[in-house]
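Computed from a predicted model, the values in this text were never measured in an experiment. Every chain is numbered from 1 and lettered A, B, ... according to where its sequence line falls, protein lines coming before strand lines.
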Number of protein chains: 2
Amino acid sequence: MPNEIKETNTVKQVRHQPAKLDDVDRRILGILAQDSSRSYVDLGQELHLSAPAVHDRVKRLKRDGVIKATVAKIDGCKVGRTLLAFVLVNTKNVVSTKRLLSLGNLPEIEEMHTVAGDSGVLLKVRVRETEGLEDLLGKLQDIEGVDGTRSYIVLSTFVERGPDPGE
Amino acid sequence: MPNEIKETNTVKQVRHQPAKLDDVDRRILGILAQDSSRSYVDLGQELHLSAPAVHDRVKRLKRDGVIKATVAKIDGCKVGRTLLAFVLVNTKNVVSTKRLLSLGNLPEIEEMHTVAGDSGVLLKVRVRETEGLEDLLGKLQDIEGVDGTRSYIVLSTFVERGPDPGE
DNA sequence: CCTGAAACGCATAAGGA
DNA sequence: TCCTTATGCGTTTCAGG
């Protein structure tokens with residue numbers, strides 16, 4: 001049952017305890033964030049460490065949830081989703097926001113966040129054509145309590161990556 | 001030289017030729033988009049295929065650019081970036097947009113898109129604290145030709161994934 | 001937390017239906 | 001495009017510092 005909204009899909013913007021990370025950990029994260037197929041031997045050479053040492057660290061980073069998963073990055077255009085857009089959705093109240101969130105399993109929706117400010121929900125959506133966006137906006141506006149939407153069609157993407165481990 | 005803006009980092013929103021994909025390809029993409037660490041033996045059992053057959057398909061999907069990379073998903077909070085926000089940046093003209101794009105290598109910036117509509121650029125940023133956002137907004141507004149910014153602070157994230165291979 | 005050695009399983013190539 | 005077979009490498013475990 002993929003793409004189903006479960007409790008665990010929700011990532012509350014609470015202040016998690018940041019994990020204790022040293023410089024080597026952050027370098028590992030920086031490398032794996034770009035390419036998780038690198039071998040431990042390979043990483044070990046770059047970091048002047050043995051393969052098992054790297055493995056231990058990666059294992060710990062996964063166990064602590066710093067690395068949430070390793071995933072394949074798919075080209076939206078190549079799978080037929082040629083149009084990327086961000087949609088701000090105004091909702092009247094919390095109840096209508098909840099109704100909106102139940103649409104999170106739609107395959108067009110890549111990201112769904114509640115945001116502060118007048119608009120209640122921000123969506124990142126990837127659709128087949130402008131028609132697909134029209135359909136989606138229709139679904140959104142059918143929801144009771146949804147005041148209106150504001151769409152930003154993406155022309156070009158210049159950066160698209162995960163969090164920087166920094167420091 | 002990580003996080004450096006290169007030609008290849010730019011993903012123009014041109015209509016790529018969608019790759020020819022059958023149902024099995026899409027199922028593979030769907031699985032690997034969630035967990036790329038699954039073994040070919042494992043995938044083969046789920047798809048009723050031999051491991052090398054799966055491997056051949058994955059190899060082709062990578063060669064054709066459908067799978068752009070396999071990466072580790074990092075928890076922003078766990079690495080100390082507790083505040084997620086989207087920033088719409090109004091730019092006067094194309095020249096100021098270009099100046100803005102040169103900031104793409106800042107570690108706080110996860111996504112940078114040019115968008116249609118009155119606002120020129122949309123940013124997804126992940127910072128340490130509100131202070132970090134303030135710093136970033138300062139940098140943006142220092143750019144000549146940047147009219148103003150509008151920020152949407154994320155309260156909760158309900159969906160965050162890649163493109164759905166669909167069909 | 002690390003190293004080094006050793007065992008196991010998987011990725012990968014080859015060849016054929 | 002798929003299968004089976006076979007091999008080498010990487011992952012993973014373990015003992016030890």
Exercise for review: Please report, rounded to the nearest Å, how far the C1' atom of C:dT12 is from the NZ atom of B:K62.
Suggested key: 12 Å
Revision key, fill the gap. A:Y40 OH to C:dT3 P, in whole Å, measures 16 Å
Check your understanding: How about A:Y152 and B:H113: are their ring centres within less than 6.0 Å of each other?
Key -> no
Check your understanding: With Watson-Crick and G-U wobble geometry limited to distances under 3.5 Å, how should the secondary structure of DNA chain D be encoded in dot-bracket form, using | for bases paired to another strand and [ ] for crossing pairs?
Key -> ||||||||||.||||||
Check your understanding: Hey, does the side chain of B:D164 reach the backbone of B:G166 with a donor-acceptor pair shorter than 3.5 angstrom?
Key -> yes
**Study point:** Test log, rule salt bridge (charged side-chain N to carboxylate O under 4.0 Å, His left out), inputs A:K59 and A:D56
**Key:** CA-CA 5 Å; A:K59 220 166 35 179; A:D56 278 351; 3.6 Å; yes
Check your understanding: Quick one: which of D:dG10, C:dA13, C:dC2 gets closest to the side chain of B:P52?
Key -> C:dA13
Practice item. Check B:E111, B:E110, B:E160 against A:K124 for a salt bridge (charged side-chain N to carboxylate O under 4.0 Å, His left out) and give me the one that passes. Key: B:E111
Point to revise | Spacing of B:L43 atom CG relative to C:dC10 atom P, expressed in whole Å | key: 12 Å
**Study point:** Side-chain N or O of B:H55 closer than 4.0 Å to phosphate OP1/OP2 of C:dT12
**Key:** yes
Check your understanding: Could you give the CD-to-C1' distance, from A:Q45 to C:dT3, as a whole number of Å?
Key -> 15 Å
Exercise for review: Report yes if a side-chain nitrogen or oxygen of B:R38 is closer than 4.0 Å to either non-bridging phosphate oxygen (OP1 or OP2) of C:dC10; otherwise report no.
Suggested key: no
Exercise for review: Would you check if A:T130 and A:E134 make a side-chain contact, meaning some heavy-atom pair closer than 4.5 Å?
Suggested key: no
Check your understanding: Think B:K59 has a side-chain N or O under 4.0 angstrom from the OP1 or OP2 of C:dA11?
Key -> no
Study note, to complete from the structure: Testing C:dA13, D:dT12, C:dT3 for proximity to the side chain of A:L49, the answer is C:dT3
Practice item. For B:L21 and D:dT1, give me the distance from atom CG to atom P, rounded to whole Å. Key: 12 Å
Review point. What is the distance, rounded to the nearest whole Å, between atom CG of B:D25 and atom P of D:dC2?
Key: 8 Å
Revision key, fill the gap. Against the side chain of B:R60, the closest entry in D:dT11, C:dC1, D:dT1 is D:dT1
Exercise for review: Provide the distance between the two C1' atoms, one in C:dA7 and one in D:dG17, to the nearest whole Å.
Suggested key: 22 Å
Review point. The side chain of B:S50 lies closest to which of these nucleotides: C:dC2, D:dC3, D:dT13?
Key: D:dC3
Practice item. Could you state the atom-to-atom distance from CG of B:D56 to C1' of D:dT4 in whole Å? Key: 13 Å
Check your understanding: Taking CG from B:L47 and C1' from D:dC3, how many angstroms apart are they, rounded to a whole number?
Key -> 15 Å
**Study point:** B:R81 side chain vs B:G76 backbone, donor-acceptor pair below 3.5 Å
**Key:** no
Throw together a table of side-chain donor-acceptor distances under 3.5 angstrom for residues 140-148 of chain A, partners on residues two or more places apart or in other chains.
| unit_1 | atom_1 | unit_2 | atom_2 | d |
| --- | --- | --- | --- | --- |
| A:Q141 | NE2 | A:T149 | OG1 | 3.1 |
| A:D147 | OD1 | A:K92 | NZ | 3.1 |

